[in-house]
Enquirer: 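Here it is: the structure, laid out below.
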Amino acid sequence: MIHYKDLSSLFKRYGFPPPENPMIGVVPCRGTCDLAERELTGDFYMIAFKKLKSGTISYGRTKYDHENGSLMFVKPRQVIQFREIELEEAGFNIFFHEDFLNGHALHDEIKKYGFFEYETNEALHLSPREEQIIWELHDKIEAELNGNIDEYSREIILTHIDSVLKYSQRFYKRQFINRTELSGKTVSKFNKALSAYFEKGLLQTKGLPTVAVMASDLNISARYLSDMLKQETGKTAMELIHIYLINEAKNKLKGEDQSVSEIAYTLGFENLPYFSRLFKKETGVSPNQFKKQLVN
């Protein structure tokens, strides 16, 4: 695996024309678009549009293969690899160095877009109209890079990149809805996985369930799981885990002759104050107050 600190080295290695701006470059993909056989990382973001005819893309250690036009998003230092790619239609890669964002609002905003944490099998599959919108923004970025660079160029380019990200967020919401219709409610599968974790006694052996563990059970990335659940329920995966655990705690407080500390331990909480704070946050009263209310 090789790491690239700058775009010029990456472009030179793969025979791309040198970028007009050393901090950002657009690479067209016509027919093929390989980044060789080796895995690579870099200090850059990448937004890639592909409509695969054959070949595989590896990103985050998973493989992606899809015929529809799709967008994928790569963050700095994420492992990527394109192998024997053939495209149905033209595609593109937009590379921009993380330092290109310094001093701009997008420097912090880009970290809020969850799709940079997704795996390739969770790529954004675009409708024809959505493809058109993304291509229009691509053309504007390319035109700005190929024009006369001046003091406005960076701001204009970053505005267009910001638009790509905002549209992608919107399109992902559409995809989440479509995915729910095709594969059923994610929250139902999530709750089923939580119940299985509880019934197998994993709370005692492995401790509190994490979003990563639940996502692994459902064969999706942790960030994609949270975003899907947020779309369906308005709550994140961690919030739903807490709700599930507190409901189990309330059931035990009602029906078992155990102390609060014993119940906390059986639910995987090693820290009693943390359990008490979480319980009060969800119910409005402490576990002891809840137990006393039952007696009275």
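All heavy atoms count here, side chains included; hydrogens, waters and symmetry mates do not.
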Enquirer: Under 6.0 Å from the OH atom of Tyr265, do we count more than 12 heavy atoms belonging to anything else shown?
Expert: no
Enquirer: Can you say whether the rings of Trp135 and His138 are parallel (under 30°), tilted (30 to 60°) or perpendicular (over 60°)?
Expert: perpendicular
Enquirer: Counting N and O atoms only, with roles assigned by atom type, does the side chain of Lys252 sit under 3.5 Å from a partner on the main chain of Glu248, one being a donor and the other an acceptor?
Expert: no
Enquirer: Which atom pair, heavy atoms only, marks the closest approach of Phe279 to Pro287?
Expert: CD2-N, 3.6 Å
Enquirer: To the nearest 0.5 Å, tell me how far Leu165 CG sits from Arg170 CZ.
Expert: 14.0 Å
Enquirer: For the residue pair Met214 and Pro209, what are the closest heavy atoms and their distance?
Expert: CE-CB, 4.0 Å
Enquirer: Can you tell if the side chain of Leu194 reaches within under 4.5 Å of the side chain of Phe190, non-hydrogen atoms only?
Expert: yes
Enquirer: Considering only heavy atoms from C-beta outward, does the side chain of Glu98 approach that of Ile110 to under 4.5 Å?
Expert: no
Enquirer: Would you confirm whether the ring centroid of Phe115 sits within less than 6.0 angstrom of the ring centroid of Tyr224?
Expert: no
Enquirer: Shortest non-hydrogen contact from Leu203 to Leu208?
Expert: CD2-CA, 4.3 Å
Enquirer: What distance do Lys166 atom NZ and Ile161 atom CD1 have between them, rounded to the nearest 0.5 Å?
Expert: 12.0 Å
Enquirer: Within the structure provided, determine whether Lys235 and Leu229 are in side-chain contact (heavy-atom separation under 4.5 Å).
Expert: no
Enquirer: Got a sec: does the NZ of Lys5 have more than 12 other heavy atoms crowding it under 6.0 Å?
Expert: no
Enquirer: Can you check whether His125's main-chain N or O pairs, donor with acceptor, with Gln175's side chain at less than 3.5 Å?
Expert: yes
Enquirer: Do Tyr45 and Phe100 have ring centres separated by under 6.0 Å?
Expert: no
Enquirer: With rounding to the nearest 0.5 angstrom, report the CD1 to CG distance, Ile263 to Leu253.
Expert: 4.0 Å
Enquirer: So which atom in Ser153 and which in Asn148 form the shortest heavy-atom distance, rounded to 0.1 Å?
Expert: OG-O, 4.0 Å
Enquirer: Applying the 4.5 Å side-chain criterion to the ILVMFWY set and letting contacts propagate, would Ile133 and Ile141 be lumped into a single cluster?
Expert: yes
Enquirer: Are the side chains of Leu267 and Phe275 in contact, using a 4.5 Å heavy-atom criterion?
Expert: yes
Enquirer: Before you tell me yes or no, could you show the steps for Gln132 and Arg129 under side-chain contact (heavy atoms from CB on, under 4.5 Å), namely the whole-Å CA-CA distance, both residues' side-chain angles and the distance that decides it to 0.1 Å?
Expert: CA-CA 5 Å; Gln132 181 182 347; Arg129 173 56 183 153; 3.2 Å; yes
Enquirer: Do Ile149 and Val26 belong to the same hydrophobic cluster, where Ile, Leu, Val, Met, Phe, Trp and Tyr are linked whenever their side-chain heavy atoms lie under 4.5 Å apart, directly or via other members?
Expert: no
Enquirer: Please round to the nearest 0.5 Å and tell me the distance separating atom OG of Ser276 and atom CD of Gln289.
Expert: 10.0 Å
Enquirer: Is there a donor-acceptor pair closer than 3.5 Å between any side-chain N or O of Ser163 and the backbone N or O of Thr159?
Expert: yes
Enquirer: Which of these, Tyr172, Tyr113, Tyr118, sits in a side chain to side chain donor-acceptor pair (under 3.5 Å) with Asp227?
Expert: Tyr118
Enquirer: Please lay out, stage by stage, how Lys280 and Val285 fare under the test side-chain contact (heavy atoms from CB on, under 4.5 Å).
Expert: CA-CA 5 Å; Lys280 187 169 185 178; Val285 295; 5.7 Å; no
Enquirer: In the single-linkage hydrophobic clustering (I, L, V, M, F, W, Y; side-chain heavy atoms under 4.5 Å), do Val213 and Phe198 co-cluster?
Expert: yes
Enquirer: Would you check if there is a donor-acceptor pair between the side chains of Ser188 and Asn191 at a distance under 3.5 Å?
Expert: no
Enquirer: Looking only at non-hydrogen atoms, find the nearest pair between Pro19 and Ser8 and report the distance.
Expert: CG-OG, 4.3 Å
Enquirer: Measure from the ring center of Phe95 to the ring center of Phe11 and say whether it is less than 6.0 Å.
Expert: yes
Enquirer: Taking the side chain as every heavy atom from C-beta outward, state whether Glu117 and Lys75 have any atom pair closer than 4.5 Å.
Expert: yes
Enquirer: Between Ile134 and Ser168, what is the shortest heavy-atom contact and its length?
Expert: CD1-OG, 4.5 Å
Enquirer: Find the distance between CE (Met23) and CZ (Arg154) and round it off to the nearest 0.5 Å.
Expert: 9.0 Å
Enquirer: Given the rule in the side-chain contact (heavy atoms from CB on, under 4.5 Å) test, do Leu278 and Phe269 qualify, once you have shown the distances and angles that lead to the verdict?
Expert: CA-CA 11 Å; Leu278 183 60; Phe269 290 89; 3.9 Å; yes
Enquirer: Would the distance check show the side chain of Glu130 and the main-chain N or O of Ser127 forming a donor-acceptor pair, the cut-off being under 3.5 Å?
Expert: yes
Enquirer: Any side-chain heavy-atom pair from Val164 and Ile94 closer than 4.5 angstrom?
Expert: no
Enquirer: Would you compute the distance between atom CG of Asp162 and atom CD of Glu155 and round it to the nearest 0.5 angstrom?
Expert: 9.5 Å
Enquirer: Flag the pair Leu40 / His3 as yes when at least one side-chain heavy-atom distance between them is below 4.5 Å, and no otherwise.
Expert: no
Enquirer: Please identify which of these residues, Ile241, Ile246, Asn247, meets the side chain to side chain contact (heavy atoms under 4.5 Å, CB included) condition with Ile243.
Expert: Asn247
Enquirer: Indicate, with yes or no, if the rings of Phe171 and Tyr167 have centres closer together than 6.0 Å.
Expert: yes
Enquirer: Between Ile24 and His97, is a side-chain contact (heavy atoms from CB on, under 4.5 Å) present by the stated rule, with each step listed?
Expert: CA-CA 6 Å; Ile24 180 170; His97 198 280; over 6 Å; no
Enquirer: Answer yes or no: is there a side-chain heavy-atom contact under 4.5 Å between Ser70 and Leu126?
Expert: no
Enquirer: What I want to check is whether the side chains of Asp217 and Tyr197 have a donor and an acceptor closer together than 3.5 Å.
Expert: no
